[in-house]
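The sequence lines fix the lettering, A, B, ..., with proteins before strands; numbering per chain opens at 1.
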Number of protein chains: 2
Amino acid sequence: MNIYDISEKAGVSIATVSRVLNGNSKVSDKTRKKILAVMEETGYQPNVFARGLGLNTMNTVGVMCADSSDMVLASAVYHVEQELHKYQYDVLLCCTGYETEEKAKYMNLLLSKRVDALILVGSSFIEKNMEKNQYIIEAAKEVPVMLVNAYLDASNVYCAVCDDRTMMRQVTREFLEQKRQILYLYRSLSYSGRQKLQGIKDAFKDCGQKPEKDQMVLMKDSTIEDTRKFLAERWGQGVRWNVVMTSDDELAVGACKFAKAQGLKVPQDMQILGYNNSKISICSEPEISTVDNHMQKAGTLAVDQLMEILKKEEVEQKTIVKGEMVLRDTTIDL
Amino acid sequence: MNIYDISEKAGVSIATVSRVLNGNSKVSDKTRKKILAVMEETGYQPNVFARGLGLNTMNTVGVMCADSSDMVLASAVYHVEQELHKYQYDVLLCCTGYETEEKAKYMNLLLSKRVDALILVGSSFIEKNMEKNQYIIEAAKEVPVMLVNAYLDASNVYCAVCDDRTMMRQVTREFLEQKRQILYLYRSLSYSGRQKLQGIKDAFKDCGQKPEKDQMVLMKDSTIEDTRKFLAERWGQGVRWNVVMTSDDELAVGACKFAKAQGLKVPQDMQILGYNNSKISICSEPEISTVDNHMQKAGTLAVDQLMEILKKEEVEQKTIVKGEMVLRDTTIDL
DNA sequence: TTGTATGCGTTATCAT
DNA sequence: ATGATAACGCATACAA
């Protein structure tokens, strides 16, 4: 069933059929109704490929994320999809992993599928080494690229970033003002990873201090159990702290497990702060105080801005989304 | 840059270019190399829309799930995507929610986008009321439909189902043989929801018993806190049990919180069993024993079978994936 | 308001 | 082995 069949059955030309298909006003009510009726009764559906061929678009955007089974990314992807759906756009999903080469391959794949835009969800897409971001800059020459919680200063790439640096600065300062001994556990040097680190350094500077090297430790792929063990080992070596700050809730859970095993009371003996306000923060015992950086909001915002861009309207290259503290049972000073 | 440009630069016809594009053998090595070289130097990429128009496919499959931010579904979707990627298929992702009407709309959308197949992830897609599954049967007339952890007996729909019924039967029987008083908390009457319920009933029957009506309670949208409160209330009314079985780990976390608040020792005074082996089961304190139904495996299996189907090979309409017990700290009898 | 004709970039069927 | 050409189904500029 194609546009010719419809035109024939309705006794009009294909141009007229095409017009009602595209909501063109210049069609008499009578013929429009006639055509609509025929479409209805035949169950006609326009062929998107033919349409795409002419218009060079299929109303599809490529959404890339490192790992959609990661709770934080999954949530952001979900919101991106829902928002795009509102605008009648579909999502081509790619789970790229964390290797630059794979990411670039996936991106080329999406580009070859002629997506209307790319949305990169998660800060792992922007690395410190600018060479590794080059493929994004290249892609942006073809279609607009939206970054969700990452920042890259390049033409045709737009960023909706969470205010991780400020959040970290703020909370760290509060701990420092209470003369707490902080240990910061973090996961990666992704864009947001660096922002958080920077926020902590800011806070130390604010207080006329400087963090010790071993106050900030990179945990990379550590599981909860790894984290617990690591802390136990440190503690066994005589190292002491009374605040554990983390770059994600999972690390915080590890800290909770350590505290319990060590017989340390949380938050009296040791405070713990998570990050992301993910579901696991309320599964732990005690429930974890955490920072919500409102990544979902960054996701929907990125989509909204993308729609502006596709309408050829001007959009800020960088928009910042405010975060929020979610205080529960692992902190007292905040 | 299109096939004409390439043919011109290479001094051949578009037919020959098309041949090398499609790996057709009947091209001399010399011209093939020449054409490949031109493609390389021009960075030519075939237009997928034109290709789609001719072949009526874009190597895309529609993946539907109710909510990709749900940890369990997200994980399955991730594995589905990864597996499809291996076969060079792309994923058009749709988060449909739980309303039949929305699901049907999304499905039509995917169909109108001419996907090669549909994969429905999660048992919420199959409802007890067969009328509500009708739209799936309709869709299956157009493309193969793969169900991940759900079952529907219809033409052109194939199912990779987890063995939830057997797992539940097995574990329930063990508890019953230990003369435990069971309370079962569940979330929905989705396909797997019904299977689990059935498994429990099987076990009771095996032991010559019948579950009381109030031993199995539907928690629908209950949060962890709701669950804790509910249990506290029941306990306050004098109802007693020493095993809480659940249809998902989140309910189990609620049970843990209740136990702690009530001063009940887990697992001595009360055993708790989760379901899904999701990350939250190891965040809780104590860590939750849980059933892993290997839903990811069902996801990858569905994809593998789909590939067979698309190659016009025969495939079983229903394949069962075995589950596994993951014993941790909230059970003793198992 | 409606119709005609052309282009979009492939694949595939014939010829040669 | 290679080339010419007809589909594929739609949008649209131009005519009427």
Side-chain angles (χ1 to χ4, degrees), chain A residues 1-39 42-60 88 90 109 111-116 142-143 310, chain B residues 1-39 42-60 88 90 109 111-116 142-143 310:
Chain A
M1 189 63 53
N2 61 30
I3 205 172
Y4 289 94
D5 299 328
I6 302 297
S7 75
E8 193 170 325
K9 283 185 204 284
V12 296
S13 74
I14 62 161
T16 307
V17 176
S18 180
R19 284 190 189 98
V20 341
L21 228 37
N22 295 286
N24 190 312
S25 53
K26 284 154 191 352
V27 178
S28 80
D29 240 40
K30 198 172 149 191
T31 51
R32 155 172 287 110
K33 271 178 187 151
K34 173 71 184 163
I35 292 170
L36 252 21
V38 174
M39 286 177 173
T42 58
Y44 165 74
Q45 287 210 325
N47 182 309
V48 285
F49 300 143
R51 200 151 205 267
L53 184 55
L55 301 179
N56 203 32
T57 165
M58 257 183 67
N59 272 245
T60 300
Q88 325 254 44
D90 293 317
L109 184 71
L111 253 22
S112 78
K113 288 256 174 171
R114 296 286 205 280
V115 293
D116 295 320
E142 317 253 336
V143 294
L310 292 176
Chain B
M1 189 63 51
N2 61 30
I3 206 172
Y4 286 95
D5 300 328
I6 303 296
S7 76
E8 193 170 325
K9 282 185 206 285
V12 296
S13 74
I14 62 162
T16 307
V17 177
S18 180
R19 284 192 189 95
V20 340
L21 229 37
N22 295 287
N24 189 312
S25 53
K26 283 152 188 357
V27 179
S28 80
D29 239 40
K30 199 173 146 192
T31 50
R32 157 173 284 111
K33 272 180 186 147
K34 174 69 184 162
I35 291 170
L36 253 19
V38 174
M39 285 178 175
T42 58
Y44 165 74
Q45 286 211 325
N47 182 308
V48 284
F49 300 142
R51 201 149 205 265
L53 185 55
L55 301 177
N56 202 32
T57 165
M58 258 182 66
N59 272 244
T60 300
Q88 324 255 45
D90 293 317
L109 184 71
L111 253 21
S112 78
K113 288 257 173 170
R114 296 286 205 277
V115 293
D116 295 321
E142 317 253 334
V143 294
L310 291 176

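- Look at CG on N24(B): it is 11 Å from P on dT2(D), rounded to the nearest Å.
- Going from atom CG of L53(B) over to atom C1' of dA11(D) covers 13 Å, rounded to whole Å.
- Here dG9(D) presents its C1' atom at 14 Å from CE of M58(A), a figure rounded to the nearest Å.
- Atom CZ of R114(B) and atom C1' of dC10(D) are 12 Å apart (whole Å).
- Side chains of D90(B) and T60(B): a donor-acceptor N/O pair is absent below 3.5 angstrom, by distance only.
- Taking atom CD1 of I6(A) as the reference point, atom C1' of dG9(D) lies 12 Å away to the nearest angstrom.
- The CD1 atom of I6(B) lies 12.5 Å from the CD1 atom of I14(B); values are rounded to the nearest 0.5 Å.
- Looking only at distances, a side-chain donor or acceptor of T42(A) sits under 3.5 Å from a matching main-chain atom of V38(A).
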Whether each nucleotide of nucleotides 1-6 of chain C has a protein heavy atom under 4.0 Å at its base (B), only at its sugar-phosphate (S) or at neither (-) is summarised, 5' to 3', as SBBBB-

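- Listed nucleotides dT11(C), dA11(D), dG9(D) differ in distance to R51(A); the shortest reach to its side chain belongs to dA11(D).
- I3(B) comes within contact range of at least one nucleobase, with a heavy-atom separation under 4.0 Å.
- In this structure, CZ of F49(B) is placed 14 Å from P of dA11(D), rounded to the nearest angstrom.
- Distance check, rounded to the nearest 0.5 Å: CZ of F49(B) to NZ of K113(A) gives 10.0 Å.
- Residue N22(A) contributes atom CG, which lies 12 Å from atom P of dA13(D) at whole-angstrom precision.
- Considering CE of M58(A) and CE of M58(B), their distance stands at 5.0 Å, rounded to 0.5 Å.
- Judged purely by distance below 3.5 Å, without hydrogens or angles, the side chains of R51(B) and N22(B) pair a donor atom with an acceptor atom.
- Atoms CD1 (I35(B)) and C1' (dA1(D)) sit 11 Å apart, rounded to a whole Å.
- Heavy atoms of other residues, nucleotides or ligands lying less than 6.0 angstrom from CD of E8(B) number 12 at most.
- For N47(B) and dT10(C), the shortest distance from a side-chain N or O to OP1 or OP2 is not below 4.0 Å.
- Within the 4.0 angstrom heavy-atom criterion, no nucleotide atom of any strand lies near N56(B).
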